[in-house]
Amino acid sequence: MAIRNLRTEGDPILRKVSKEVTEITPKIHELIDDMLETMYETNGVGLAAPQVGVLKRIVVIDVGDGPLVMLNPEIVNQKGSQTGDEGCLSVPGKAGQVTRPNEVTARFMGEDGEWYEVDGTELLARAICHECDHLEGKLYIDLVEGDLHDVSYDEED
Ligand code: NI
């Protein structure tokens, strides 16, 4: 496993649409392992492959319940709304208010090639929406209400 370099806002790769994963190769497993390591190392709750420079539809999320690895994820249902602070490893040191659905259901392929569904509320719903947006070349700063503010991550260490 290895920590990969994070692409930050202004890098054109973050604005591209990622491609579907059609074959789960050893290289894909290695990418997923690296994405998880990179997410944990940087105290993120989610990471999408384009953030490490790979235009594939892969996201990893951990809101504190263990890793969720989703290939070709698709939000198939959403309900309610929540407004709260959101940040992104590709926009370091910043956060801003974003409104998202409060509940989502996502369909995705697991690392084993089988299809699954996950229901997420609150932070997990927010993370799923945020990471799926990355696969479309969208960033939360496109949706932010008001200004971005500075955040300190010191207390998370
Ligand atoms: Ni992000």
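These numbers come from a predicted model, not from an experiment.
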- Heavy-atom check, side chain of Pro73 versus side chain of Arg107, under 4.5 Å: no

- Message: Side chains of Glu30 and Thr25, heavy atoms from C-beta outward: is any pair under 4.5 Å?
- Response: no

- Step by step, work out the salt bridge (Lys or Arg N to Asp or Glu O under 4.0 Å) result for Lys94 and Asp147. CA-CA 10 Å; Lys94 300 282 180 189; Asp147 294 325; over 6 Å; no

- Show your reasoning for whether side-chain contact (heavy atoms from CB on, under 4.5 Å) applies to Met70 and Val118. CA-CA 10 Å; Met70 302 199 286; Val118 62; 4.1 Å; yes

- Thr99 vs Ser81 side-chain heavy atoms within contact, under 4.5 Å: yes

- Task: Give the intermediate values and the outcome of side chain to side chain donor-acceptor pair (under 3.5 Å) for residues Tyr40 and Asp62.
- Result: CA-CA 9 Å; Tyr40 289 125; Asp62 191 337; 2.5 Å; yes

- Message: Measuring from atom CD of Glu20 to atom CG of Asn72, what distance do you get when rounded to the nearest 0.5 angstrom?
- Response: 4.5 Å

- With a 4.0 Å cut-off, would you call Arg15 and Asp142 a salt bridge? yes

- Message: Could you see if Leu47 belongs to whatever hydrophobic cluster contains Leu124? Use Ile, Leu, Val, Met, Phe, Trp, Tyr and a side-chain cutoff under 4.5 Å.
- Response: no

- Query: Can you find a heavy atom in the side chain of Val104 that is under 4.5 Å from one in the side chain of Arg126?
  - Reply: no

- Item | Stepwise salt bridge (Lys or Arg N to Asp or Glu O under 4.0 Å) test for Glu122 and Arg100 | CA-CA 9 Å; Glu122 298 173 4; Arg100 300 283 192 184; over 6 Å; no

- So, Glu145 versus Thr83: side-chain donor-acceptor pair below 3.5 Å or not? no

- Task: Treating Ile, Leu, Val, Met, Phe, Trp and Tyr as nodes and any side-chain heavy-atom pair under 4.5 angstrom as an edge, say whether Leu123 and Val98 lie in one connected cluster.
- Result: no

- Query: Which value, rounded to the nearest 0.5 Å, describes the distance between Gln97 atom CD and Leu148 atom CG?
  - Reply: 11.0 Å

- Message: Using a strict threshold of under 4.0 Å (side-chain N to carboxylate O), is an ion pair present between Asp11 and Lys16?
- Response: no

- Message: To check you understand the geometry: which heavy-atom pair defines the closest contact between Ala48 and Leu135, and what is its length?
- Response: CB-CD2, 4.2 Å

- Kindly determine whether Glu111 and Ile32 satisfy side-chain contact (heavy atoms from CB on, under 4.5 Å), including the steps that lead there. CA-CA 9 Å; Glu111 265 192 278; Ile32 291 166; 3.4 Å; yes

- Locate the shortest heavy-atom distance separating Ala106 from Ile128; write the atom from each residue and the value. CB-CG2, 4.1 Å

- Item | For the student: nearest non-hydrogen atoms of Tyr140 and Glu86, plus distance | CE1-O, 3.3 Å

- Less than 4.5 Å apart, any side-chain heavy atom of Lys19 and any of Lys56? no

- Task: Spell out, as yes or no, whether a donor-acceptor pair under 3.5 Å connects the side chain of Asp34 to the backbone of Ala2.
- Result: yes

- Message: When you compare the side chains of Ser90 and Gln51, does any donor N or O come within less than 3.5 Å of an acceptor on the partner?
- Response: yes

- Task: May I ask you to test the Val21-Met109 pair for a side-chain heavy-atom distance under 4.5 Å?
- Result: no

- Among Ile13, Leu89, Leu31, whose side chain to side chain contact (heavy atoms under 4.5 Å, CB included) with Val52 holds? Leu31

- Item | Shortest non-hydrogen separation from Ile141 to Val144 and the atoms involved | O-CG1, 3.5 Å

- Message: For the CD1 atom of Ile58 and the CD atom of Glu131, what is their distance to the nearest 0.5 Å?
- Response: 12.5 Å

- Ile61-Ile75 co-clustered via ILVMFWY side chain contacts under 4.5 Å: yes

- Would you name the heavy atoms of Phe108 and Leu68 that are closest together and state the gap between them? CZ-CD1, 3.9 Å

- Looking at CG of Leu14 and NZ of Lys138, how far apart are the two atoms once the value is rounded to the nearest 0.5 Å? 14.5 Å

- Message: Could you see if Val151 belongs to whatever hydrophobic cluster contains Val45? Use Ile, Leu, Val, Met, Phe, Trp, Tyr and a side-chain cutoff under 4.5 Å.
- Response: no

- Task: Would you please say whether a donor-acceptor pair under 3.5 Å links the side chains of Asp119 and Thr105?
- Result: yes

- Which heavy-atom pair separates Pro50 from Leu55 by the least distance, and what is that distance? CB-CD2, 4.0 Å

- Check whether more than 12 heavy atoms from other residues, nucleotides or ligands sit under 6.0 Å from atom CD of Glu41, and answer yes or no. no

- If we only count heavy atoms from C-beta on, is the Cys88 to His134 side-chain gap below 4.5 Å? yes

- Query: In terms of hydrophobic clusters joined by side-chain contacts under 4.5 Å, are Val59 and Tyr116 together?
  - Reply: yes

- Query: Are side-chain heavy atoms of Glu136 and Arg57 found at a separation under 4.5 Å?
  - Reply: yes

